[in-house]
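Count residues from 1 along the sequence. For ligands, and for the atoms within them, numbers begin at 1 and follow the listed sequence.
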Amino acid sequence: MHVKQFRPEEWAVRSARLIHDAVLAASHRGDGCKVMLTGGRSAARLYLAWRALPGFDQLRAVEFFFGDERCVQLDDPESNYGLAMRTLFASGVPSGCSVVRMAAEGPDREGACLHYEGRLPSKIDVLLLGVGEDGHIASLFPGGALLDERTRKVAPVVGTKAPRERLTVTPVVIAQASSVFVLANGEAKAAVFRRVAGGADDFHALPACLVGGATWLLDTPF
Ligand SMILES: O=C1O[C@H](COP(=O)(O)O)[C@@H](O)[C@H](O)[C@H]1O
């Protein structure tokens, strides 16, 4: 695993540059780039800084997906899609790029998962993940049955953090991602990093162990 620790006041812009460069590199290697976004407070800081980078508006052929979504209406402050639209895409989606959201607000959650699974590419180039203080990533919570899912790519879940009803990608999608960045602000998230690095936990107890090869972006000494 890799770790970068930036000073808190620099964390967002330095992390945004790293992620932007990873998106550009993937775009140059192939035909466009598939990015999977996350929700959460660290993500909100990152998205504001990324949008402000000079090159953000020049991104082309980037498809943005989401790793999880809370089952709330689009205008609910808890919506991960809403968060991205208020921050990363507040000035619009760059020309030639697209955003594919999880439609988690309706009653047919199984149908929404199947539909979203059909939209997913075979591989995500750049996967962004927040991490909970309990070690959850996407909406894969400690002890959850989906941690052992090996077939479905997207599934409904009832988590332990409000809002509890969510849709999430499964470890199948996470395992296929090329570059993974974990956004981890604050001491509680640095503590999760220490546990993952220590190697004593397994992914059932600490889902963040699923992304041991990721680059962790910390703003607190570890
Ligand atoms: O519930 C969620 O939380 C995590 C982390 O959020 P944070 O506010 O502690 O940074 C996030 O990764 C996930 O996408 C989100 O749905």
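- Among protein heavy atoms, atom 3 (O) of ligand 1 sits closest to Lys161 NZ, 2.8 Å.
- For atom 10 (O) of ligand 1, the nearest non-hydrogen atom of the protein is Arg41 N, 3.1 Å.
- Cluster annotation: Val3 and Ile137 are assigned to the same hydrophobic cluster (Ile/Leu/Val/Met/Phe/Trp/Tyr, side-chain heavy-atom contacts under 4.5 Å, transitive).
- The shortest N or O to N or O distance between His136 and ligand 1 is under 3.5 Å.
- Contact analysis leaves Glu133 out of contact with ligand 1, as no non-hydrogen atom separation drops below 4.0 angstrom.
- A side-chain N or O of Arg45 and one of Asn185 form a donor-acceptor pair less than 3.5 Å apart.
- For ligand 1 and Ser42, the ligand atoms under 4.0 Å from any heavy atom of the residue are 10 (O).
- We find that Arg109 and Glu105 are not joined by a salt bridge, their nearest charged nitrogen and carboxylate oxygen being 4.0 Å or further apart.
- A donor-acceptor pair shorter than 3.5 Å cannot be found between the side chains of Asp68 and Thr168.
- Near Gly40, the atoms of ligand 1 lying under 4.0 angstrom from a non-hydrogen atom of the residue are 6 (O), 7 (P), 8 (O), 10 (O).
- Atoms of ligand 1 lying under 4.0 Å from any heavy atom of Asn80, numbered from 1 in the order shown and given with element: 14 (O), 16 (O).
- When ring centroids are compared, Phe66 and Tyr116 stay outside the 6.0 Å threshold.
- A side-chain donor-acceptor contact under 3.5 Å links His20 and Trp50.
- Arg70 NH2, 3.2 Å is the protein heavy atom nearest to atom 15 (C) of ligand 1.
- Near Gly130, with a cut-off below 4.0 Å to any heavy atom, the atoms of ligand 1 are 12 (O).
- Inspection of the Ser178 and Lys123 side chains reveals an N or O donor paired with an N or O acceptor under 3.5 Å.
- Closest to atom 11 (C) of ligand 1 among all protein heavy atoms lies Gly39 O, 3.4 Å.
- Where the criterion is an N or O separation shorter than 3.5 Å, residue side chain and backbone included, Leu129 fails it with respect to ligand 1.
- Ser27 and Arg60 are not linked by any side-chain donor-acceptor pair at a separation below 3.5 angstrom, with hydrogens and angles left out of the test.
- Set against the non-hydrogen atoms of Thr38, the atoms of ligand 1 under 4.0 Å away are 11 (C), 12 (O), 13 (C), 14 (O).
- The distance from ligand 1 to the heavy atoms of Lys189 drops below 4.0 Å at these ligand atoms: 7 (P), 9 (O), 10 (O).
- For the residue pair Val180 and Ala177, the shortest heavy atom distance occurs at CG2-CB, 4.0 Å.
- Asp68 OD2, 3.5 Å is the protein heavy atom nearest to atom 13 (C) of ligand 1.
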